[in-house]
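Note that the coordinates shown come from a computational prediction; the quantities given were computed from them, not determined experimentally. Within every chain, numbering begins at 1; the chains are lettered A, B, ... in the order of the sequence lines, protein sequences first and strands thereafter.
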Protein chains: 2
Amino acid sequence: MTTKPASIRDVAERAGVSPATVSNVLGGRKPVNAALAERVREAARSLGYEADRAASLLRTGKARIIAVLVPDLDNPFFTSVVSAIETSLRDQGYEIIVASSNGSEATELSRLSAMLAWRPAGFVVLPCSDDFPARSRIEQAKIPYVIADRITRAPTADTVSVDNEDAGAIGARHLIENGHRNILVAASVLDLGNIRERCEGVAAVLAQQGLAASRIETGGDFETASARLSRWLDDNTPPTAILALTNFTTLGVLAALAERQIAIPQSISLIGFDDYAWMRARATPLTAISQPVQEIGEAIWARLKARIEGDTSPPAHIQLKCTLKVRASTASLSPTDSFSTGAV
Amino acid sequence: MTTKPASIRDVAERAGVSPATVSNVLGGRKPVNAALAERVREAARSLGYEADRAASLLRTGKARIIAVLVPDLDNPFFTSVVSAIETSLRDQGYEIIVASSNGSEATELSRLSAMLAWRPAGFVVLPCSDDFPARSRIEQAKIPYVIADRITRAPTADTVSVDNEDAGAIGARHLIENGHRNILVAASVLDLGNIRERCEGVAAVLAQQGLAASRIETGGDFETASARLSRWLDDNTPPTAILALTNFTTLGVLAALAERQIAIPQSISLIGFDDYAWMRARATPLTAISQPVQEIGEAIWARLKARIEGDTSPPAHIQLKCTLKVRASTASLSPTDSFSTGAV
DNA sequence: TTGTAAGCGTTATCAA
DNA sequence: TTGATAACGCTTACAA
């Protein structure tokens with residue numbers, strides 16, 4: 001039942017011209033007589049003609065596809081990056097193909113290979129690990145790519161990330177300024193460089209006060225984060241503030257505190273990571289470290305586009321700053337408190 | 001600097017066979033001598049060969065691409081559907097291309113046309129309106145497609161959605177059972193059939209008690225939902241319960257109530273829509289109407305796959321049931337209260 | 001300015 | 001069982 005879509009020949013025939021002329025009119029590459037051009041356009045319109053991208057790609061070798069590979073399509077941070085990239089590309093005649101590596105290096109490699117078969121113009125990878133073993137595969141394909149969010153060691157391509165040390169530091173500073181001395185850092189997975197850097201940012205600020213933070217590794221997803229946090233709170237004396245280093249750990253902390261009916265910020269102050277609507281839609285809106293998602297998307301596309309257009313300058317490593325959204329989940333400790341729990 | 005990727009000829013040469021044989025080995029379409037086959041596979045491996053999908057597509061006309069068009073890539077419901085579809089496709093050699101119509105019929109049409117140019121094997125559309133004017137475009141392309149979530153009037157293709165009336169009904173029933181008589185329905189946009197159906201489901205249940213709900217149209221996004229809710233609460237006597245009909249209206253309600261320091265569920269009970277981790281990570285976890293996202297994704301793919309494989313049965317209209325997750329945000333009204341605010 | 005024809009990398013047909 | 005060859009729809013030299 002499936003009829004074939006109109007081809008360039010159909011259009012040519014209908015307009016009484018050659019296929020080449022149709023191509024020139026529609027592609028706008030060569031000048032064509034105005035009247036003819038109008039006839040061609042009219043024919044194309046009436047046939048609902050749209051050039052077959054596969055054929056076009058095959059001929060030109062230029063794909064107008066951007067492949068985007070993320071660790072998890074159910075994590076709003078990753079989808080927001082995809083969305084930001086899509087917004088940037090929208091009007092430039094590019095299409096996005098997406099896939100999720102599901103946090104597994106093996107599927108990361110297989111999905112990457114599969115997407116590479118489309119000979120995309122460019123590739124965006126948010127690796128699921130710092131090792132990024134699929135890297136050799138993409139490099140051998142000699143396709144422009146940018147690595148985002150999680151940055152491979154010694155990257156040989158453009159990278160876009162946030163300044164993770166600074167992200168940790170602004171959170172820690174805010175807590176210190178509010179008199180907190182007993183701080184728990186809730187890190188997701190310390191195997192990830194970006195998480196370690198956030199930790200280091202926190203540590204550096206605390207060290208200036210002669211302090212050190214407690215730290216817990218919560219795991220990547222909400223459920224285990226919540227469970228591990230709960231256990232930790234059972235086994236340790238509670239901190240006066242918790243600094244969560246990812247969106248899911250933020251949720252884990254909230255769940256664990258809620259379960260124990262620990263009041264935020266009266267008993268424990270909390271800084272969340274990322275900035276979503278649900279963080280604001282609360283009786284106690286969350287103070288949060290916000291990643292500039294839109295700019296991340298724009299920066300990714302800017303680099304990729306430059307490479308696609310032939311830029312051969314050395315790899316650029318773009319770091320964007322996070323900002324602290326101060327809201328109600330962080331409270332000042334009274335001076336006495338801050339001294340009593342204070343430095344060594 | 002970009003070297004060409006290995007082609008089937010390179011592999012053939014290296015293995016000392018013809019391109020056709022390579023194709024047969026790798027495609028597994030025709031039987032090939034085992035020893036030869038191994039030589040071919042070895043050659044392919046060592047060259048990192050991956051068949052060019054564009055060329056393959058051009059020849060076969062079979063795309064192994066599924067195009068997915070959603071209204072908004074920043075709405076977790078839509079991205080969760082994309083994710084569910086991706087999970088279903090993952091191992092079947094298909095790729096997903098995604099785009100967002102950004103809630104605009106015009107971009108919906110233009111994005112749809114652009115994606116159609118890839119001659120995808122199938123199309124999934126979550127229309128941004130019930131009119132779905134792009135429909136004629138996709139129908140003229142004669143490509144199998146399924147419409148999901150928002151269902152066009154008189155659909156001529158397979159559709160997958162939830163039973164929206166039932167979704168509204170189970171929420172309303174829960175509130176009625178808990179003694180609520182004065183219920184506010186927070187609808188996003190009444191122009192959407194699925195939202196109207198949810199309202200009707202609520203209305204039908206209330207009508208059985210001789211009741212009618214108040215209703216407010218909050219708009220599609222969180223910010224305006226919150227603002228309109230706030231205004232409504234200022235101008236009206238508060239209900240004892242609010243039933244939110246989308247995820248963003250749920251957020252809007254939460255924000256408005258938080259702003260007014262109205263306690264949930266002590267002053268007002270709340271049922272949210274969709275089920276996300278943040279709804280559970282609260283001092284008062286939200287009772288919520290949960291859409292079966294995973295099954296929605298699976299149903300979409302099942303229909304699409306059948307159509308791609310030639311199923312010509314009449315359009316199927318699949319409706320999946322939502323479930324009520326009863327948590328702490330809905331409370332029983334004491335009998336006296338329920339009588340005093342009770343039926344006519 | 002327009003048309004003709006070659007060729008992109010596959011796969012399908014058909015002959016060996 | 002394997003190989004030669006044509007064709008998919010497009011773009012682009014080059015010829016008219």
Decide yes or no on side-chain contact (heavy atoms from CB on, under 4.5 Å) for A:Arg29 and A:Ser23, but give the supporting numbers first.
-> CA-CA 8 Å; A:Arg29 277 169 287 264; A:Ser23 178; 3.6 Å; yes

Inspect the contact between [Y] and [X] and indicate whether a charged nitrogen and a carboxylate oxygen are less than 4.0 angstrom apart.
X	Y	answer
B:Glu42	B:Arg45	yes
B:Glu86	B:Arg90	yes
B:Arg41	B:Glu38	yes
A:Arg303	A:Asp311	yes

Angle between terminal axes - the helix from C:dT1-D:dA16 to C:dA16-D:dT1, 5 pairs each end, rounded to 10° |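 Axis angle across the helix from C:dT1-D:dA16 to C:dA16-D:dT1, nearest 10°: 40°.
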
Donor-acceptor check, side chain of [X] to backbone of [Y], threshold 3.5 angstrom: yes or no?
X	Y	answer
A:Arg39	A:Ala15	yes
A:Arg53	B:Arg119	no
A:Arg150	A:Val125	no
A:Glu295	A:Leu320	no
B:Ser113	B:Leu109	yes

Considering the options B:Thr159, B:Asp158, B:Val81, B:Asp149, which one meets the side chain to side chain contact (heavy atoms under 4.5 Å, CB included) requirement together with B:Ile300?
->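 For B:Ile300, the side chain to side chain contact (heavy atoms under 4.5 Å, CB included) test succeeds with only one of B:Thr159, B:Asp158, B:Val81, B:Asp149, which is B:Val81.
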
A:Ser129 side chain to A:Asp131 side chain, donor-acceptor N/O pair below 3.5 angstrom =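 Short answer, no.
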
Verify whether one side chain among B:Asn102 and B:Ser104 offers a donor that lies under 3.5 Å from an acceptor in the other.
->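 Absent: no donor and acceptor within the cut-off.
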
Residue met sooner reading DNA chain D from 5', once B:Val32 and A:Leu58 are mapped to nucleotides =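 The residue whose closest nucleotide sits nearer the 5' end is B:Val32.
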
What are the bounds, 5' to 3', of the part of DNA chain C that sits under 4.0 Å from heavy atoms of chain B?
->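 Using the under 4.0 Å cut-off, the span is C:dG9 to C:dC14.
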
Upstream residue (5' side of DNA chain C) when B:Lys30 and B:Thr60 are each assigned their closest nucleotide =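 Taking each residue's closest nucleotide, the earlier one in sequence belongs to B:Thr60.
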
Does anything in residues 11-20 of chain A reach DNA chain C, meaning a heavy atom under 4.0 Å, and if so which residues?
->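 By residue number: A:Val17, A:Ser18, A:Ala20.
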
Sub-4.0 Å heavy-atom contacts from residues 36-57 of chain B onto DNA chain C, ordered by number |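 Result for residues 36-57 of chain B: B:Tyr49, B:Ala51, B:Asp52, B:Ala55, B:Ser56, sorted by number.
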
Range on DNA chain D touched by chain B - first to last nucleotide, heavy-atom distance under 4.0 Å |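 Here the contact window of chain B covers D:dT1 to D:dG9.
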
Any side-chain heavy-atom pair of B:Thr79 and A:Pro76 under 4.5 Å =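 B:Thr79 does not reach A:Pro76 side chain to side chain.
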
Listed by chain and number, what are the side-chain hydrogen bond (donor to acceptor under 3.5 Å, both in side chains) partners of A:Ser80, not counting sequence neighbours?
->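 side-chain hydrogen bond (donor to acceptor under 3.5 Å, both in side chains) list for A:Ser80, sorted by chain: empty.
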
